Every structure is written in C-alpha cells, then in structure tokens.
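This is a predicted model, so every value here is computed, not measured. Numbers here are sequence positions counted from 1.
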Amino acid sequence: MEEGTSKEPSHSCCTEEAFQWDTREDCDVRQILDRIGDKWSLLVIALLDNRCMRFTELKKTIDGISQRMLTVTLRQLERDGLVSRTVHPVVPPRVDYELTPLGVTLHATIQSLVTWTETHQVEIATARARYDAVGSGLG
C-alpha cells in the first residue's frame, strides 16, 4: 500500500511532548475534542443518558438549538459512533436516538466535568467578579 493511502487514522500530528495531541487543525485527537466539546454535543450526550429520545423531544428540550444545528450535531455524533439512530417503519416516520456503548463511556467523563463545575462554580464566579472589577489588564 502506498504511503498516505491508508484508511487508518493518522496520528502523525500527535507527539509525546503534546501529551498525545496537538494544536494543528488536522490532528485527529483535536478534531474529536472539538466535536465532543461543543455545547450542543455535550447537551445531546447528557440528555441521552440511559434513554432513547425522538428528534422532536431533543429539539424541545435543548433551549436555543435550531432544527438544522440539531440535525448536524446528531449526524456528527452518529458518524463518530457515539449516538445510534433507529428509524421505525411507521407513518409518520419515527426516529429514535440513543447513546452507543462508546457514547455511554463518554457520558461518564462528561458527568465528571459537570460535577467539577458544580463543585467549583462559586470559586469561578468569584474569580470572574474580581477580574471584571479590575479589568483584564490586557492592552
């Protein structure tokens, strides 16, 4: 097989010094972190914890998300193997979404982040207020 034609993920951007990832846009790890770290993906993954939801349920539950953005988010999560989509052969069509086993493992990690945020929210609010009171010091 010629170099550069493999369908395997490229890890050339990842270096030991960068703790297995890199800031370059073409880095596989950075792309995955960008996907799972966006606010809509985090909300969808959180909502699908231990349950299936229909598109319309997700749309009603996630304040501020457009139909297009929810569609894009679900497609990306499905492509990454984090969410599964089941189409039921009824009229009108019914589509359910749920976390895959891989998505469930990610949910556990996200829950740790939420717990950390809840634990430290007062400290963060205090730091923000102090920062805002004195200005950023930049420029």
Side-chain angles (χ1 to χ4, degrees):
M1 181 176 274
E2 286 181 41
E3 189 177 331
T5 61
S6 169
K7 296 291 181 192
E8 293 297 314
S10 166
H11 300 289
S12 62
C13 67
C14 303
T15 64
E16 223 173 282
E17 299 83 38
F19 301 105
Q20 304 302 314
W21 66 286
D22 174 318
T23 57
R24 289 177 286 193
E25 202 169 317
D26 64 344
C27 178
D28 293 337
V29 174
R30 177 179 168 192
Q31 290 175 0
I32 294 166
L33 288 170
D34 286 347
R35 166 89 68 247
I36 62 175
D38 80 71
K39 68 179 178 179
W40 302 126
S41 293
L42 290 172
L43 288 169
V44 167
I45 292 165
L47 285 169
L48 293 178
D49 181 37
N50 295 318
R51 63 179 170 178
C52 285
M53 290 184 80
R54 296 177 70 175
F55 183 93
T56 53
E57 291 176 289
L58 287 164
K59 173 84 173 75
K60 287 178 188 173
T61 307
I62 302 173
D63 188 39
I65 194 168
S66 68
Q67 182 166 332
R68 181 186 177 288
M69 183 51 41
L70 180 57
T71 298
V72 167
T73 299
L74 287 166
R75 284 182 183 159
Q76 290 171 339
L77 292 172
E78 184 180 8
R79 180 175 182 253
D80 289 344
L82 301 170
V83 168
S84 66
R85 177 179 183 263
T86 304
V87 179
H88 301 278
V90 295
V91 177
R94 188 177 117 213
V95 181
D96 291 325
Y97 295 91
E98 64 184 322
L99 293 179
T100 64
L102 181 62
V104 170
T105 66
L106 179 58
H107 183 272
T109 301
I110 290 169
Q111 187 57 49
S112 295
L113 181 61
V114 170
T115 301
W116 180 90
T117 304
E118 289 170 341
T119 301
H120 297 285
Q121 65 185 337
V122 172
E123 293 169 76
I124 292 168
T126 301
R128 286 177 176 175
R130 186 173 41 244
Y131 180 90
D132 292 346
V134 298
S136 69
L138 299 176

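Under a hydrophobic clustering in which Ile, Leu, Val, Met, Phe, Trp and Tyr are joined whenever their side-chain heavy atoms come within less than 4.5 Å, directly or via other members, V134 and I124 fall into different clusters. Taking hydrophobic clusters as Ile, Leu, Val, Met, Phe, Trp and Tyr residues chained together by side-chain heavy-atom distances below 4.5 Å, I45 does not share a cluster with L113. L82 is connected to V114 through a chain of hydrophobic side-chain contacts under 4.5 Å among Ile, Leu, Val, Met, Phe, Trp and Tyr, so both are in one cluster. When hydrophobic clusters are built by joining Ile, Leu, Val, Met, Phe, Trp and Tyr residues whose side-chain heavy atoms come closer than 4.5 Å, directly or via intermediates, V95 is grouped together with V44. M69 and L42 fall within the same hydrophobic cluster, defined by Ile, Leu, Val, Met, Phe, Trp and Tyr side-chain heavy atoms under 4.5 Å apart, directly or through other members.
Applying the side chain to side chain donor-acceptor pair (under 3.5 Å) rule to S41 yields the partners D38; only residues at least two apart in sequence or on another chain are considered. Applying the side-chain contact (heavy atoms from CB on, under 4.5 Å) rule to R51 yields the partners L47, M53; only residues at least two apart in sequence or on another chain are considered. Legend: residues meeting side-chain contact (heavy atoms from CB on, under 4.5 Å) with T126, ordered by chain and number and at least two apart, are V122, R130. In this structure, the side-chain contact (heavy atoms from CB on, under 4.5 Å) partners of T56, at least two apart in sequence or on a different chain, are R54. Partners of L43 under the side-chain contact (heavy atoms from CB on, under 4.5 Å) rule, at least two apart in sequence or in another chain, are W40, I62. Contacts of D49 classified as salt bridge (Lys or Arg N to Asp or Glu O under 4.0 Å), with partners at least two apart in sequence or in another chain: none.
Note on residues 87-116: pairs passing salt bridge (Lys or Arg N to Asp or Glu O under 4.0 Å), not counting sequence neighbours, are R94-D96. Applying the salt bridge (Lys or Arg N to Asp or Glu O under 4.0 Å) definition to pairs two or more places apart or across chains, those involving residues 66-92 are R35-D80. The ring pair (Phe, Tyr, Trp, His ring centres under 6.0 Å) contacts involving residues 96-116 comprise W116-H120, where partners must be two or more places apart or lie in separate chains. Sorted by first then second residue, the salt bridge (Lys or Arg N to Asp or Glu O under 4.0 Å) pairs that include residues 55-65, not counting sequence neighbours, number zero. Residue pairs meeting the salt bridge (Lys or Arg N to Asp or Glu O under 4.0 Å) criterion with at least one partner in residues 106-125, sequence neighbours excluded, are absent.
Grouping Ile, Leu, Val, Met, Phe, Trp and Tyr by side-chain contacts under 4.5 Å, direct or through others, leaves V90 on its own.
Around atom CG of D132, more than 12 heavy atoms belonging to other residues, nucleotides or ligands sit under 6.0 Å away.
Counting all heavy atoms, side chain and backbone alike, L102 lies closest to T105 at O-OG1, 2.6 Å.
Rounded to the nearest 0.5 angstrom, L77 CG and S84 OG are separated by 11.0 Å. Atom CD1 of residue I36 and atom CD1 of residue I110 lie 6.5 Å apart, to the nearest 0.5 angstrom.
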